[in-house]
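The block underneath contains the structure these notes are about, expressed in structure tokens.
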Amino acid sequence: MPPLDKLLQQHPQLTHSQDMKVTSHVQREKDDWILHTVMLANIDVPFVFKRKKRYQSLQGANVNLTYYPASVMIAGMEMEQMRVVRIKRS
């Protein structure tokens, strides 16, 4: 069984999407981490992940994503976002 299938089987709340078009990729520093926010075509929810270093921009690229749905409180309002576990160019 491929590692991705095993991961999805062990964590039923995980979602995997393939060949998603990135419309925006923002990288900003937060403490010792670089916080990446990715927006995808035809999806109004941001996909976020942290890494230790800056990456080449993914804007305009097609990517494969594995993510969890999540929500965050911003200015007293609950906002939906997706927590990316794995992202790769497709």
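Predicted model, so just to flag it, every value in this text is computed and none were measured. Just so you know, residue 1 is the first one in the sequence shown, and it goes up from there.
With sequence neighbours excluded, the residues satisfying side chain to side chain donor-acceptor pair (under 3.5 Å) with Ser90 are Asp19. Asn42 pairs by the side chain to side chain donor-acceptor pair (under 3.5 Å) definition with nothing, not counting sequence neighbours.
Residues Leu35 and Phe49 form no side-chain contact, since every pair of their non-hydrogen atoms from C-beta on lies 4.5 Å or further apart. Contact annotation: the side chain of Val48 never approaches that of Val84 to less than 4.5 Å [non-hydrogen atoms, C-beta and beyond]. Between Asn62 and Arg89 the shortest side-chain heavy-atom distance does not fall below 4.5 Å. Within the 4.5 Å cutoff, side-chain heavy atoms of Val85 are placed close to those of Leu14. You'll find the side chain of Leu40 reaches within 4.5 Å of the side chain of Leu65, heavy atoms only.
Note that OG of Ser17 and CD1 of Ile87 are 11.0 Å apart. Values are rounded to the nearest 0.5 Å.
A ring pair (Phe, Tyr, Trp, His ring centres under 6.0 Å) check over residues 59-87, counting only residues at least two apart or in different chains, returns the pairs Phe47-Tyr67. Within the structure, every pair that satisfies the side-chain hydrogen bond (donor to acceptor under 3.5 Å, both in side chains) test and touches residues 29-38, not counting sequence neighbours, is listed here: His25-His36, Arg28-Thr37.
Tracing side-chain contacts under 4.5 Å through hydrophobic residues (I, L, V, M, F, W, Y), one never reaches Val26 starting from Val63; they form parts of separate clusters.
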Compile the donor-acceptor pairs under 3.5 Å between side chains in residues 50-59 and protein atoms, sequence neighbours left out, one pair per line.
| unit_1 | atom_1 | unit_2 | atom_2 | d |
| --- | --- | --- | --- | --- |
| Arg54 | NH1 | Gln27 | O | 3.3 |
| Ser57 | OG | Gln59 | N | 3.2 |
| Gln59 | NE2 | Thr23 | O | 3.4 |

Side-chain donor-acceptor pairs under 3.5 Å in residues 69-83, sequence neighbours left out?
| unit_1 | atom_1 | unit_2 | atom_2 | d |
| --- | --- | --- | --- | --- |
| Ser71 | OG | Glu78 | OE2 | 3.0 |

